[in-house]
Amino acid sequence: MRVIGIETSCDETGVAVYDTDQGLLAHRLHSQIDLHAEYGGVVPELASRDHIRRLPTLIREVLADAKLTHVDLDAVAYTAGPGLAGALLVGASMARSLAFVLKIPAVAIHHLEGHLLSPLLGDQGLTFPFVALLVSGGHTQIMDVQGVGDYRLLGETVDDAAGEAFDKVAKLLGLPYPGGPQLSQLAEGGRPGRFALPRPMKQSGDLNFSFSGLKTAVLTERRRSADCEASQADLAAEFQEAVVDVLVAKATAALESCRRKTLVVAGGVGANRRLRAKLDATGRCHGFEVIYPPPELCTDNGAMIALAGALRLKGGWRADNGLKICVLPRWALATGANN
Ligand code: KG4
Ligand code: ZN
């Protein structure tokens with residue numbers, strides 16, 4: 001089965017073709033970073049218009065890369081939420097129209113399901129069950145994953161997502177958009193420990209997170225410190241260490257409470273080198289394996305959506321090729337045991 005995946009939930013237009021026998025055949029991504037940079041954040045209307053502009057070309061290019069034509073496709077998978085309503089509508093309209101014309105099913109995929117299954121695109125031989133740490137710009141969640149579609153929420157952020165905290169702190173330190181990668185680059189030249197930032201909710205006894213207070217603490221420390229490059233780098237390093245400390249502690253506690261031996265890390269913050277180093281070291285100590293998606297598939301992309309669609313269809317999920325277009329800007333992938 002060959003599935004084309006379309007991702008347009010935020011500021012990246014992603015298209016890919018996944019084959020259930022041969023794996024990922026082709027994938028392309030257009031990032032809108034330059035478009036939004038001068039505004040310091042994603043402008044939803046500009047995002048939607050750019051998805052409209054890019055999508056037809058990307059689909060043509062991906063099919064050409066995979067040496068396929070439209071008629072070789074068996075299904076279309078698209079991100080139906082969560083995300084920006086207008087941006088999601090562009091991808092959903094394109095996917096549903098394509099499926100209608102080709103008389104093949106269109107599968108609505110949850111963006112986070114794409115992220116948490118994305119390590120299956122690598123060649124690490126990942127098998128269920130596992131615990132997933134989803135750390136992106138919009139979400140910070142820990143899930144127990146028993147199989148495709150079988151997800152249990154173990155904990156999540158009560159305010160800002162980890163990536164959002166990175167982006168906000170970067171802005172506060174005067175770094176250009178998008179802040180997360182820039183901040184982590186600055187942190188690599190700094191010394192954690194010179195400033196003392198809190199580790200929010202590390203000892204809360206549950207698997208939830210809170211990152212908004214950390215941002216305020218950075219602001220307070222910044223006002224107190226000398227405005228020099230070394231101070232900025234040390235503050236960035238301490239902030240990164242604080243986020244990483246909490247993420248590692250909660251992920252370890254989740255693995256222990258579910259008695260799992262595999263941790264999957266997905267979402268944009270999963271590209272953070274300090275997070276990876278600390279998780280890997282903790283894994284070696286505690287006897288768990290940490291699996292990441294291939295680096296280029298850590299952030300939003302069409303490949304994870306194509307894969308999730310293929311796995312859903314393979315598992316017997318029913319999908320139609322009707323033209324009813326429905327997107328869910330707010331959509332919970334799973335709820336906790338008590339919800
Ligand atoms: O998963 P993603 O591409 O999009 C969402 O669904 O949100 O994640 C983007 C987020 C942004 O907040 C970005 O700043 C953050 O991931 N990010 C990083 C790094 N690379 C991307 N945060 C910290 N360190 C990085 N190296
Ligand atoms: Zn994402």
Side-chain angles (χ1 to χ4, degrees), residues 5-14 27 29-33 36-37 40-42 44 47 78-84 87-88 91 109-119 132-141 143 156-157 160-173 175-190 211-212 214-215 218 236-237 239-248 264-279 292-305 307-308 329-331 333:
I6 296 177
E7 157 63 39
T8 61
S9 65
C10 190
D11 60 345
E12 251 123 19
T13 322
H27 83 99
L29 193 65
H30 174 78
S31 165
Q32 301 178 355
I33 283 178
H36 301 291
V42 178
Y78 63 98
T79 306
L84 301 171
L88 289 167
I109 295 297
H110 194 292
H111 180 79
L112 293 184
E113 177 170 45
H115 273 306
L116 72 83
L117 297 178
S118 61
L133 174 67
L134 288 170
V135 271
S136 72
H139 297 87
T140 298
Q141 298 189 333
M143 297 264 183
E156 64 185 331
T157 180
D160 290 353
E164 187 181 359
F166 264 92
D167 295 340
K168 286 180 175 170
V169 167
K171 204 167 185 175
L172 208 142
L173 296 182
L175 297 172
Y177 168 87
Q182 301 268 351
L183 182 66
S184 73
Q185 217 175 336
L186 178 65
E188 283 187 16
F211 294 112
S212 76
L214 203 46
K215 179 186 64 200
V218 170
F239 165 77
Q240 176 170 267
E241 204 61 27
V243 175
V244 167
D245 264 358
V246 181
L247 291 175
V248 172
V264 159
V265 183
V269 183
N272 185 279
R273 284 169 34 161
R274 180 65 191 137
L275 176 63
R276 287 185 174 216
K278 195 150 184 179
L279 278 175
Y292 308 91
E296 77 277 16
L297 301 178
C298 263
T299 52
D300 294 350
N301 62 81
M304 65 186 195
I305 302 303
L307 168 77
R330 291 172 67 84
W331 181 11
L333 176 58

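Numbering of ligands and ligand atoms starts at 1, following listing order.
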- What angle, in degrees and rounded to 10°, do you get at the Zn ion (ligand 2) when you join it to OD1 of Asp300 and to NE2 of His115? 90°
- Write down the atom of Leu173, the atom of Ala236, and the distance for their closest heavy-atom approach. CD1-CB, 4.2 Å
- Should Gly180 be counted as touching ligand 1, given the test is an N or O pair under 3.5 Å? yes
- Message: Phe211 vs Phe166, test: ring-ring contact (aromatic ring centres under 6.0 Å, His included). Steps then yes/no.
- Response: CA-CA 9 Å; Phe211 294 112; Phe166 264 92; 8.7 Å; no
- Answer yes or no as to whether an N/O/S atom of His111 is found below 2.8 Å from the Zn ion (ligand 2). yes
- For ligand 1, find out whether one of its N or O atoms is nearer than 3.5 Å to an N or O atom of Cys298. no
- Determine the interplanar angle of the Trp331 and His110 rings, folded into 0 to 90°, and report it as parallel if under 30°, tilted if 30 to 60°, perpendicular if over 60°. tilted
- Message: Under 4.0 Å, counting heavy atoms only: does His115 come that close to any atom of ligand 1?
- Response: yes
- Message: Considering both backbone and side-chain atoms of Gly163, is one of its nitrogen or oxygen atoms within less than 3.5 Å of a nitrogen or oxygen in ligand 1?
- Response: yes
- Query: For atom 7 (O) of ligand 1, what's the nearest protein heavy atom and its distance?
  - Reply: Gly137 N, 2.7 Å
- Item | Which residue and heavy atom of the protein sit nearest atom 24 (N) of ligand 1, plus the separation | Asn272 ND2, 3.0 Å
- In terms of heavy-atom contacts, Leu116 and Ala132 come closest through CB-CB, 4.2 Å
- How close do His115 and Cys298 get, heavy atom to heavy atom, and via which atoms? CE1-O, 3.5 Å
- Could you walk me through whether Gln182 and Ser184 pass the side chain to side chain donor-acceptor pair (under 3.5 Å) test, one step at a time? CA-CA 6 Å; Gln182 301 268 351; Ser184 73; over 6 Å; no
- Residue, atom name and distance, where the atom is the protein heavy atom closest to atom 26 (N) of ligand 1: Ser184 OG, 3.4 Å
- Any heavy atom of Arg273 under 4.0 Å from ligand 1? The part involved is neither
- Measuring from the heavy atoms of His111, does anything fall under 4.0 Å of ligand 1? yes
- Task: Answer yes or no: are there more than 12 heavy-atom neighbours, outside Lys171 itself, under 6.0 Å from its atom NZ?
- Result: no
- Donor-acceptor under 3.5 Å (Thr140 side chain, Ala161 main chain): no
- Item | Carboxylate-amine/guanidinium contact Glu188 Arg274, below 4.0 Å | no
- Note on the structure: If we number the atoms of ligand 1 from 1 as shown, the ones under 4.0 Å from a heavy atom of Thr299 are 3 (O)
- Item | N/O/S from Cys10 sitting under 2.8 Å away from the Zn ion (ligand 2) | no
- Please write down residue, atom name and distance for the protein heavy atom closest to atom 2 (P) of ligand 1. Asp300 OD1, 3.5 Å
- Query: Could you walk me through whether Asn272 and Val244 pass the side chain to side chain contact (heavy atoms under 4.5 Å, CB included) check?
  - Reply: CA-CA 9 Å; Asn272 185 279; Val244 167; 4.2 Å; yes
- Atoms in ligand 1 with a heavy atom of Gly138 nearer than 4.0 Å: 7 (O)
- Note on the structure: Minimal heavy-atom distance between Gly270 and Val265, with the atoms involved, is CA-CG1, 3.9 Å
- Gly267 to ligand 1, any heavy atom closer than 4.0 Å: yes
- Query: Pro181 near ligand 1, heavy-atom distance under 4.0 Å?
  - Reply: yes
- Can you tell me the protein heavy atom closest to atom 13 (C) of ligand 1 and the distance? Asp167 OD1, 3.7 Å
- Where Thr8 and Ala87 come nearest, the two heavy atoms and their spacing: OG1-O, 2.7 Å
- Query: Considering only protein heavy atoms, which is closest to atom 21 (C) of ligand 1, and at what distance to one decimal place?
  - Reply: Gly268 O, 3.4 Å
